[in-house]
Amino acid sequence: MDLKKLERLQNRLKDRLTFLPLKGEVSRVAGCDASFPGGMTLGVCVVLGYPSLDVVEVSYSLLKTHFPYIPTFLSFRELPSLMQAYRNLKHKPDLILVDGQGIAHPRGMGIASHLGIIIGKPVIGVAKSRLFGNFDGDVPDERGGFVHLKHEGKVIGAVVRTRKGVKPVFVSPGNLITVEDSVKWVLKLTGRYRLPEPVRIADRYSRTLL
DNA sequence: GCGACAG
DNA sequence: ATCTTGTCGC
């Protein structure tokens, strides 16, 4: 486990990121998350139909955990399992949401970006707390209110209020999508809960599947 | 040297 | 993330 080497890998992968408006039809959306039941990593991917949000498929992968939690290196802990679960899907999604940061990361390589580079599809990162980036003032307390997350003047994501009176979430593009479209889709996929349905359901399965 | 630090 | 008792608010 050579962190310096992994940092260089993240810096190299960063050059392969692309940010474009989301084009084409979105008929399926996926949510990915992992849990850690006693020394194991349970990665889960759920696919929902869009716009119905009905669960189309759930796939998972249970692997022995081989990497600890170290801030800014989350992908090396969770991706092996999440990738395996993703490969097992029979119905591939057009858009993916992952529990964690996208480019709102010190080296622009949060887990959502890393996953986005590997599978080459639009991925959005949705985190419950901040890792990197700053924002001014407060997030308007109304569903849909948001302020940009920035780093050295550049917009790298947004702090979004998905429900009035509830703590906001940190949204950032992983790959093949823009900050604006990421915010727009997170809101379109959020119902009566704090987290958008794909990640909320993936989270629930990852802790209930056993 | 000190504080921050996704899940 | 996981563990785990009690409390606040609708």
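Per chain, numbering begins at 1; letters A, B, ... match sequence-line order.
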Between N88(A) and S59(A), is there a donor-acceptor pair closer than 3.5 Å when you use the side chain of the first and the backbone of the second?
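No, because the side chain of N88(A) does not come within donor-acceptor range (under 3.5 Å) of the backbone of S59(A).
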Is R200(A) reaching over with its side chain to a backbone N or O of T190(A), donor-acceptor style, under 3.5 angstrom?
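Side chain of R200(A) to backbone of T190(A), a donor-acceptor pair under 3.5 Å: no, none is there.
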[X] has an atom [atom1]; how far is it from atom [atom2] of [N], in whole Å?
X       : N      : atom1 : atom2 : answer
H105(A) : dG7(B) : NE2   : C1'   : 12 Å
D203(A) : dA1(C) : CG    : C1'   : 10 Å
L42(A)  : dG7(B) : CG    : P     : 17 Å
I111(A) : dA1(C) : CD1   : C1'   : 12 Å
L149(A) : dA6(B) : CG    : P     : 13 Å
M109(A) : dA6(B) : CE    : P     : 19 Å
F67(A)  : dA1(C) : CZ    : P     : 18 Å
Q101(A) : dA4(B) : CD    : C1'   : 13 Å

So, do [X] and [Y] sit near enough that their side-chain heavy atoms are less than 4.5 Å apart?
X       : Y       : value
T18(A)  : N175(A) : yes
L131(A) : P106(A) : yes
L17(A)  : I117(A) : yes
D94(A)  : E25(A)  : no
R77(A)  : F36(A)  : yes
S172(A) : I156(A) : no

Does S129(A) make a side-chain N or O approach to OP1 or OP2 of dG7(B) shorter than 4.0 Å?
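The answer is yes; a side-chain N or O of S129(A) sits under 4.0 Å from OP1 or OP2.
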Do any side-chain nitrogens or oxygens of K128(A) fall under 4.0 Å of OP1 or OP2 in dG7(B)?
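Affirmative; the distance criterion is met.
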For the side chain of [X], counting heavy atoms from C-beta on, which of [options] is nearest?
X       : options                : value
D33(A)  : dC5(B), dA1(C), dG7(B) : dG7(B)
D99(A)  : dG7(B), dT2(C), dA4(B) : dG7(B)
A127(A) : dG7(B), dC5(B), dA1(C) : dG7(B)

DNA chain C base-pair string [pairs: Watson-Crick or G-U under 3.5 Å; |: paired with another strand]
..........
Just to be sure I understand the geometry, which residues of residues 69-79 of chain A put a non-hydrogen atom under 4.0 Å away from DNA chain C?
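Residues of residues 69-79 of chain A that come under 4.0 Å of DNA chain C do not exist, since none gets that close.
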Secondary structure of DNA chain B in dot-bracket form (Watson-Crick or G-U wobble, distances below 3.5 Å, | marking inter-strand pairs)
.......
Are M109(A) and L79(A) joined in one hydrophobic group, where the rule is that I, L, V, M, F, W and Y side chains link up if heavy atoms are under 4.5 Å apart?
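Result: no, two separate clusters.
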Consider only side-chain N and O atoms of R107(A) and T72(A), and report whether a donor and an acceptor are under 3.5 Å apart.
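Yes.
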Listed partners of H105(A) passing ring pair (Phe, Tyr, Trp, His ring centres under 6.0 Å), at least two apart:
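Scan of H105(A) (ring pair (Phe, Tyr, Trp, His ring centres under 6.0 Å), adjacent residues dropped) gives none.
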Got more than 12 heavy atoms from elsewhere within 6.0 Å of NZ, K92(A)?
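Counting other residues, nucleotides and ligands, NZ of K92(A) exceeds 12 neighbours.
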Does K150(A) have more than 12 heavy atoms from other residues, nucleotides or ligands lying within 6.0 Å of its NZ?
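No, NZ of K150(A) has 12 or fewer neighbouring heavy atoms, counting only those of other groups under 6.0 Å.
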Salt bridge (charged side-chain N to carboxylate O under 4.0 Å, His left out) against D141(A), all qualifying residues, sequence neighbours excluded
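Here the qualifying residues are R161(A).
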For nucleotides 4-10 of chain C, give me one character per nucleotide, 5' to 3': B if any protein heavy atom sits under 4.0 Å from the base, S if the only such contacts are to the sugar-phosphate, - if neither.
-------
